[in-house]
A.B. asks: 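Let me give you the structure first, and then I'll get to my questions.
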Protein chains: 2
Amino acid sequence: MAFYSKEDLVVLLKEAGLRVTDHRLAILSSISRVRQPVTVYELVDTLRKKENIDQATIYRNLSSLHIAGLIRRLDFNHGHAHYELETGRVSHQLVCSNCETIEKIEGISIDDVIKKILKKSKKFKQTTTHSMEIYGLCKNCV
Amino acid sequence: MAFYSKEDLVVLLKEAGLRVTDHRLAILSSISRVRQPVTVYELVDTLRKKENIDQATIYRNLSSLHIAGLIRRLDFNHGHAHYELETGRVSHQLVCSNCETIEKIEGISIDDVIKKILKKSKKFKQTTTHSMEIYGLCKNCV
DNA sequence: TATTTGTTGCAAATAATTCGCATAATGTGT
DNA sequence: ACACATTATGCGAATTATTTGCAACAAATA
Ligand SMILES: [Mn+2]
Ligand SMILES: [Mn+2]
Ligand SMILES: [Zn+2]
Ligand SMILES: [Zn+2]
């Protein structure tokens with residue numbers, strides 16, 4: 001969805017203070033090319049053969065990229081994590097409680113809600129990111 | 001936080017169409033007695049000795065109770081699930097990106113946001129539950 | 001280029017969660 | 001209370017997801 005050139009990705013990595021490696025570029029590129037938040041399994045499956053990346057490397061890089069704020073880690077109660085690019089745009093997920101269907105909705109800000117929540121908080125003064133998963137049955141599963 | 005009598009819990013189980021067993025009562029009671037969303041490990045640790053419940057039983061029951069809508073399953077990127085009672089009250093979580101601190105904020109509805117999101121959706125007509133985790137650094141970790 | 005420091009592959013280890021199966025307990029209808 | 005069908009449980013083993021140790025290797029910097 002977000003199409004980054006290799007040069008863009010290099011800049012992103014450098015700005016984040018991360019070394020630029022082919023593997024990181026391949027992972028970011030792979031994540032950015034799919035519409036749905038991707039699973040580790042899918043990345044391993046795609047990149048192991050093509051780029052000869054080990055799964056430990058993928059896990060380690062996903063962790064680095066996540067900590068650096070370049071990707072988001074999402075949980076849909078599937079028993080495994082999903083990842084998507086951290087675009088800056090707000091993004092929330094509709095998740096089917098029955099099948100693997102998820103639908104990403106972008107562009108609806110909840111900053112005011114978060115502001116209210118922060119006001120009530122005793123332990124937090126500010127926040128960095130958030131994730132919201134909304135569960136229900138998709139059309140096929142109703 | 002929500003104090004349920006044993007009789008209340010029995011009613012909850014029956015209404016949900018689940019059999020009433022001592023183990024389920026113990027699990028629900030245990031979850032309802034703590035303020036923070038509880039981990040499976042904590043439940044196993046608490047209930048294995050006292051009630052002699054096997055961990056497989058705990059996992060199976062957490063799944064049933066979750067599917068029946070009696071408990072919520074929460075993910076804080078800790079690598080394990082947390083559970084809390086499904087109270088009907090809205091509940092969102094502030095989660096520290098650095099330590100295990102979480103803070104539950106109740107009473108701030110986001111129904112209107114969800115309505116907007118649903119309006120944009122192509123795959124979902126209605127939803128059942130949602131969960132929102134807001135990440136940042138807690139006071140201790142700033 | 002030399003040095004430093006972060007990255008990778010490989011194999012093995014952990015951690016979280018699930019399963020198979022025999023036995024026991026629950027709910028329902030006599 | 002009794003019998004039956006159905007679901008729950010313990011125990012051990014299996015699966016999955018994710019992490020780690022370590023030696024070899026590559027990126028950044030001067
Ligand atoms: Mn999935
Ligand atoms: Mn935790
Ligand atoms: Zn579905
Ligand atoms: Zn903290």
A.B. asks: Check whether any side-chain nitrogen or oxygen of Thr21(A) sits under 4.0 Å from OP1 or OP2 of dT8(C), and answer yes or no.
C.D. replies: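 Answer yes for this pair, as a side-chain N or O of Thr21(A) is under 4.0 Å from OP1 or OP2.
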A.B. asks: Nearest whole angstrom, please: distance from the C1' of dA17(D) to the CD of Glu42(A).
C.D. replies: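 Result: 15 Å.
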A.B. asks: Using whole Å, what does the distance between atom C1' of nucleotide dT29(D) and atom CG of Leu18(A) come to?
C.D. replies: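 Result: 17 Å.
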A.B. asks: I want to confirm an ordering. Mapping Asp22(B) and Ala81(B) to their closest nucleotides on DNA chain C, which one lands closer to the 5' end?
C.D. replies: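 Between the two, 5'-proximity favours Ala81(B).
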A.B. asks: When you check the gap from the basic side-chain N to the acidic O, do Lys123(B) and Glu103(A) get nearer than 4.0 Å?
C.D. replies: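 Answer for the salt bridge query: no.
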A.B. asks: Could you tell me the separation between the NE2 atom of His23(A) and the C1' atom of dA27(D), rounded to a whole number of Å?
C.D. replies: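 To the nearest whole Å, that distance equals 13 Å.
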A.B. asks: Rounded to whole angstrom units, what separation is found between the CG atom of Asp54(B) and the P atom of dA22(C)?
C.D. replies: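 Going from CG in Asp54(B) over to P in dA22(C) covers 17 Å.
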A.B. asks: When you get a sec, tell me which of dT19(D), dT26(C), dT9(D) is the closest nucleotide to the side chain of Tyr59(A)?
C.D. replies: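 The nucleotide sitting nearest to the side chain is dT19(D).
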A.B. asks: Any chain of hydrophobic side-chain contacts (each under 4.5 Å) joining Tyr135(B) to Leu137(B)?
C.D. replies: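 No: no chain of side-chain contacts under 4.5 Å links Tyr135(B) to Leu137(B).
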A.B. asks: Between C1' on dT9(D) and CG on Leu62(B), what's the gap in Å once rounded to a whole number?
C.D. replies: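 Taking atom C1' of dT9(D) as the reference, CG of Leu62(B) is at 14 Å.
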A.B. asks: For dG9(C), does the base pair up with any side-chain atom of Arg60(A) as donor and acceptor (N or O, under 3.5 Å, distance only)?
C.D. replies: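 Donor-acceptor pair under 3.5 Å: yes.
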A.B. asks: Expressed as a whole number of angstroms, how long is the span from Arg73(A):CZ to dT18(D):C1'?
C.D. replies: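 Value for this atom pair: 9 Å.
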A.B. asks: Mark yes or no for whether Ser121(A), through its side chain, and Ile117(A), through its backbone, hold a donor-acceptor pair below 3.5 Å.
C.D. replies: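 Answer holds: no.
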A.B. asks: Can you say whether a donor on the side chain of Arg24(A) sits under 3.5 Å from an acceptor on the base of dT7(C), or the other way round?
C.D. replies: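 Answer is no: no donor-acceptor pair is held.
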A.B. asks: Consider the side chain of Ala56(B), meaning its heavy atoms from C-beta on, and name the nucleotide among dG12(D), dA28(D), dT8(C) that approaches it most closely.
C.D. replies: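 Per side-chain heavy atoms of Ala56(B), the pick is dG12(D).
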A.B. asks: Is there a side-chain polar atom (N or O) of Arg19(B) under 4.0 Å from OP1 or OP2 of dA24(C)?
C.D. replies: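 For dA24(C), OP1/OP2 do not have a side-chain N/O of Arg19(B) under 4.0 Å.
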A.B. asks: Name the one of Lys104(B), Glu133(B), Glu106(B), His130(B) that satisfies side-chain hydrogen bond (donor to acceptor under 3.5 Å, both in side chains) with His92(B)?
C.D. replies: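 Of Lys104(B), Glu133(B), Glu106(B), His130(B), side-chain hydrogen bond (donor to acceptor under 3.5 Å, both in side chains) with His92(B) is met by His130(B) alone.
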A.B. asks: Checking Asp8(A) side chain against Ser5(A) main chain: does a donor-acceptor pair fall under 3.5 Å?
C.D. replies: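 Present.
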A.B. asks: Rounded to the Å, how far apart are Asn61(A) CG and dT19(D) C1'?
C.D. replies: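 After rounding, the reported distance stands at 14 Å.
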A.B. asks: Could you tell me the separation between the CD1 atom of Ile58(B) and the C1' atom of dA15(C), rounded to a whole number of Å?
C.D. replies: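 Nearest whole value for this atom pair: 16 Å.
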